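Only one structure is covered here, and it is reproduced in the block below.
These figures come from a predicted structure and were not determined experimentally. Proteins get letters first, then strands, A, B, ... in listed order; numbering begins at 1 in each.
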Amino acid sequence: AVDINVKTFEKQLSIIGLSYDWSRRVNTTDPEYYRWTQWIFLQLFNSYYDTKKNKAESIESLVNTFEKSGNAKINAHHTCKIIFTGKEWKSFDGLKKQEILMNYRLAYESESEVNWCEGLGTVLANDEIVDGKDGKTVSERGGFPVEKMTIRQWSMRITAYADRLLKGLEKLEWSSHIKEIQKNWIGESVGSEIEFKIKNSDDKIKVFTTRADTLFGVTYVVLAPESDLIEKLNDQIQNKKEVEKYIDNVKNKSDEDRKNTEKEKTGVILEGVYAINPANNEEVPVWVADYVLASYGTGAVMAVPMHDERDREFSTKYELPIIDRPLVDKNDITEKVRGKIVTKYKMRDAIFARQRYWGEPIPLKRDKDGVITAVKKLPLELPKVTSYEPTGKAEGPLAGVKTWVKEGYETNTMPGWAGSSWYFLRYMDPKNNKNLVGEGEVDYWKNVDMYVGGAEHATGHLLYSRFWHKFLKDIGVAKTEEPFKKMKNQGMILASDNRKMSKRWGNVINPDEIVKTYGADTLRVYEMFMGPFDQSLPWSTESIIGSRRFIERVYRLASKINKDKKTNSELEKVLHKTIKKVNEDIENFAFNTAISSMMIFVNEAEKHENISVDDFKIFLQILAPFAPHMTEELWHEIGEKKSIHISNWPKYNPKKIIEDTIKIVVQVNGKVRAELSVSLDATEDQIKEIALNDKTILAWVDGKEIKRVIYVKGRLVNIVI
RNA sequence: GCCCGAGUGGCGGAAUUGGUAUACGCGCACGACUUAAAAUCGUGUCUCGCAAGGGAUGCGGGUUCGACCCCCGCCUCGGGCACCA
């Protein structure tokens, strides 16, 4: 299937004349390619993030530290909740060590809640699910129901790079729009972590707030239903049954239920439990409520109904007090209650596993005791199977392959974004079988100068690639901090009904058909001419004829070539203006106006009886990137032996576009009333003089007092009366 | 709800980023060529008005000699996020 599709795509690309260097083609499904995807995975697996050095470091060096002094003073991005000494570490068995290290590895195994889709028999990412008709979530593909389920997953610790991913945006030459999306997705917020002691207990509730200034107005504290503190406080809670029932309820609540209640906040009080406000020692009740998320901040919130809308809504519903207390300085109060100023991110770690056959195998194996080791010989190839359909269970089809399971190989496969997160590096050195990319090659190419892609990848591919690239930089493979220096986002060509082209709507335009009917050059010119590059536009088979006519008119223009005639200076002037315009427009990705300026040239040329060979050749050259086939043909007909596409790009001659007279518009009170033609060297005073004595202007001014005369160089005179 | 974009003829769009609004193309109308049609070429095509002139860049204000462009307040459409403390 892959081979057939590759052939189809290559044919389509070549039919419209796109000149790729096929010797650098890569195929992410080729074991010779994905052995390096697997290699990167293993590097991530064997790394942790050193928060002091602010880069990835080998897990071995972390293990060394553990052996020496435990993990109490480690500078690492982690989720480990256990504190141990070096001595204790040494006493742990292999499985225990593995479990602890999973909290540090950049690629790690974890039980996590996922979107399980029974219909597709697989787990879906958030951007693969959509809201269905009756408010229930369904898969984007097929529209099957989706529910939450906890399964064994592999994840990528992208959150370790949150700060670098955010800061790096500043230097990128991307559209501000995409940068904004990534910035919001990463979602940095700076606030305070403050501890509330629990009355009659050694436990504390740590909350995160961006409004420490409202600390005196706290009326209660809320825990997320998943909080393990609830278990710990079991002895104190007087309404255990009610609390248990509530938590059970929340857990069983699927997404659709949450939506059906229109997100009305629910919660239950922990009777008998009180938190002590560190600012004033007031005792406030503790609640459990589902509007607090376990996954963000500390999973606990201090409620200030006076200043927070959600808290107010909740307070109103459960008739809790709303008190007004004076505000204080955020930093001072945080320090006073021995809190900490911290930075939190909305972004979560990325799930890195699929329960599908198609995907790079994760190169890990598990021995009988459950200890995971890296596969030594890469690539680890997918086994040949007779059926690769989903198993219907929350595990990949590989779990049903006996030989695979016997070896202890991981049965999840990698997601689609694995191979696409680094492929541009492989372009630099596609056939290297010793390294991902050779040192010399990566030094030469560095990174991608100009990346063109869809804006829909803003929080997917474009973020993952940046993450991997930064990691590869840390381990010395990549040479730059960012993979894509400049980026332009092309708009999508929509169907003529203004919807996305889709088999579902039956509105797909097949490029092969268009090429067959109108020609490849016409298709190219039309797509460029339709409108701004970054704008999504509806396809119009009715309008494409204009581009075809343009091509034909250029072709007919060749009959006007006169080898003896000298260049016509008037036409030459238009030509040089066109060269200038086309040059600037290509630089700016303003292809639509480049084509319009070439149309203007053709309109002009048609008015002349002759056109010199040299002028015509220059015109063909600037048109060549847009209409490569026809221009090449004419180029050879004129007698050129080599390809037009390797000829030198024409430069415009500034001397040839100078006008000897300029047009000056004369306005009265900002309205255009006359037009003057003055010589190029006329002075400001001379032009004003001519304007004021112009017949039509005199009629408009009609003896009224002239308050001001404004002159804009080379453009206009405005007379204010 | 919050955050980004965008709104210009019948249609796709242009406008040197504060200086002649509607370039270029499609469509439409009329004409030339043709026995005829297609193709091609020519002319016209924002709107009201006989004209002189007036009015128009989603709506309402403002700044300015001058605003599609800048500022304030709305409306509509597209995209992103969504109980993020």
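Across B:rG78 and B:rC83, the matching P atoms stand 23 Å from one another, rounded to whole Å. Rounded to whole Å, the P atom of B:rC70 lies 11 Å from the corresponding atom of B:rG19. Comparing B:rU17 with B:rU57, their C1' atoms are spaced 16 Å from each other, to the whole Å. The P atoms of B:rA82 and B:rG66 are separated by 48 Å, rounded to the nearest whole Å. Straight-line distance between the P atoms of B:rA14 and B:rG25: roughly 15 Å, to the nearest whole Å. If you take atom C1' in B:rA52 and the same atom in B:rC48, they sit 14 Å apart, rounded to whole Å. The separation of B:rG60 from B:rG9, taken at their P atoms, amounts to 15 Å, rounded to a whole angstrom.
Pairing of B:rA23, defined by two Watson-Crick or G-U wobble distances under 3.5 Å, is not identified with any nucleotide. When both distances must be under 3.5 Å, the Watson-Crick or G-U wobble mate of B:rA15 does not exist. With a cut-off of 3.5 Å on both pairing distances, B:rC69 has no Watson-Crick or G-U wobble partner at all. When Watson-Crick and G-U wobble pairs are counted only if both distances are under 3.5 Å, B:rA6 pairs with B:rU76. Across the strands present, B:rC81 finds its partner in B:rG1; the criterion is a Watson-Crick or G-U wobble pair with both atom distances under 3.5 angstrom. In a base pair of the Watson-Crick type (N1 to N3 plus N6-O4 or O6-N4) or a G-U wobble (N1-O2 and O6-N3), with each distance short of 3.5 Å, B:rA29 is matched with B:rU43. Both distances falling under 3.5 Å, in either a Watson-Crick or a G-U wobble arrangement, occur for no nucleotide opposite B:rA37.
Taking for each of A:Ser536 and A:Asn603 the nucleotide of RNA chain B with the nearest heavy atom, the 5'-most of the two is the partner of A:Ser536. Heavy-atom nearest nucleotides on RNA chain B were determined for A:Glu675 and for A:Arg715, and the one closer to the 5' end corresponds to A:Arg715.
A:Arg556 contributes no side-chain N or O that forms a donor-acceptor pair with the base of B:rU40 under 3.5 Å.
A salt bridge links A:Glu684 with A:Lys688: at least one charged nitrogen is closer than 4.0 Å to a carboxylate oxygen.
Using a 4.0 Å heavy-atom distance criterion, A:Ser189 is classed as a sugar-phosphate-only contact. A:Arg553 comes within contact range of the sugar-phosphate backbone alone, with a heavy-atom separation under 4.0 Å but no base atom that close. At a threshold of 4.0 angstrom between heavy atoms, the contacts of A:Glu309 with the nucleic acid are absent. Using a 4.0 Å heavy-atom criterion, one finds that A:Pro538 contacts no nucleic acid atom at all. At the heavy-atom level, A:Val292 lies under 4.0 Å from base atoms of the strands shown. Within the nucleic acid shown, A:Leu716 comes within 4.0 Å of at least one base atom, counting heavy atoms only. Using a 4.0 Å heavy-atom cutoff across all strands shown, A:Val665 reaches at least one base atom of the nucleic acid. A:Ser540 comes within 4.0 angstrom of no nucleic acid atom, judged by non-hydrogen atoms across all strands. Residue A:Ile600 is classed as a sugar-phosphate contact, given heavy-atom separations below 4.0 Å to backbone atoms only. At the heavy-atom level, A:Val712 lies under 4.0 Å from base atoms of the strands shown.
For the residue pair A:Thr266 / A:Tyr318, no side-chain donor-acceptor distance below 3.5 Å is found, with atom types taken as modelled. Side-chain N/O atoms of A:Asp349 and A:Ser155 include no donor and acceptor closer than 3.5 Å. With 3.5 Å as the limit, one finds no donor-acceptor pair spanning the side chains of A:Asn718 and A:Arg708.
Between A:Asn184 atom CG and B:rG80 atom P there is a gap of 13 Å when expressed in whole angstrom units. Distance, A:Arg708 CZ to B:rU64 P: 11 Å, rounded to whole Å. Here the P atom of nucleotide B:rA23 and the CZ atom of A:Phe529 are 12 Å apart, to the nearest Å. Distance A:Glu456 CD to B:rC81 P: 12 Å, rounded to the nearest Å. Look at CZ on A:Phe601: it is 18 Å from C1' on B:rA23, rounded to the nearest Å. Separating the NZ atom of A:Lys265 from the C1' atom of B:rA82 is a distance of 12 Å, rounded to the nearest angstrom. Atom P of nucleotide B:rG80 and atom NZ of A:Lys346 are separated by 16 Å, given to the nearest angstrom. Nucleotide B:rC24 holds its C1' atom 16 Å from the CE atom of A:Met528, rounded to whole Å.
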Which protein N or O atoms sit under 3.5 Å from an N or O of nucleotides 43-50 of chain B?
none

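Between A:His461 and A:Tyr451, the angle of the ring planes lies from 30° to 60°, which puts this pair in the tilted group.
Residues that satisfy the ring-ring contact (aromatic ring centres under 6.0 Å, His included) test with A:Tyr526, not counting sequence neighbours, are A:Trp539.
For A:Lys573, the NZ atom is densely surrounded, since the number of other residues' heavy atoms within 6.0 Å is greater than 12. With a 6.0 Å radius and a threshold of 12 heavy atoms from other residues, nucleotides or ligands, A:Glu335 has its CD atom at or below the threshold.
Of the candidates B:rG53, B:rC41, B:rC65, the closest approach to any side-chain atom of A:Glu606 belongs to B:rC41. Side-chain proximity of A:Arg673 to the nucleotides B:rU20, B:rU40, B:rG54 is greatest for B:rG54. Among the nucleotides B:rG13, B:rU20, B:rA85, the one closest to the side chain of A:Val301 is B:rA85. Of the candidate nucleotides B:rC4, B:rG13, B:rC83, B:rC4 has the atom lying nearest to any side-chain atom of A:His177. With B:rC26, B:rC41, B:rC65 as the candidates, the nucleotide lying closest to the side chain of A:Ile545 is B:rC26. Comparing B:rC24, B:rG19, B:rA85 against the side chain of A:Ser596 picks out B:rC24 as the nearest. Taking the side chain of A:Trp700 as heavy atoms from C-beta on, and the options B:rA85, B:rG54, B:rU20, the nearest nucleotide is B:rG54. Distances from the side chain of A:Glu180 to the nucleotides B:rC4, B:rG19, B:rA15 place B:rC4 closest.
Dashed line: the shortest gap from a side-chain N or O of A:Asn592 to OP1 or OP2 of B:rG12 is not under 4.0 Å. Look at A:Lys671 and you'll find a side-chain N or O under 4.0 angstrom from OP1 or OP2 of B:rG55. Listed pair A:Arg549 / B:rG27 meets the phosphate criterion, a side-chain N or O lying under 4.0 Å from OP1 or OP2. In terms of phosphate contacts, A:Gln535 brings a side-chain nitrogen or oxygen within less than 4.0 Å of OP1 or OP2 of B:rG13.
Looking at A:Arg548, its side chain never comes within 3.5 Å of a backbone N or O of A:Thr522 through a donor-acceptor pair.
Judged by the 6.0 Å distance and 45° axis criteria, A:Lys206 is not positioned over the aromatic ring of A:Phe196. Stacking of A:Lys265 on the aromatic ring of A:Phe314 is not recorded, the 6.0 Å distance cut-off and the 45° axial limit not both being met.
In this structure, B:rG5 shows a glycosidic angle more than 90 degrees from zero, which is the anti conformation.
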Intermediate values then yes/no, salt bridge (Lys or Arg N to Asp or Glu O under 4.0 Å), A:Lys560 and A:Glu609: CA-CA 7 Å; A:Lys560 288 193 172 187; A:Glu609 277 188 27; over 6 Å; no

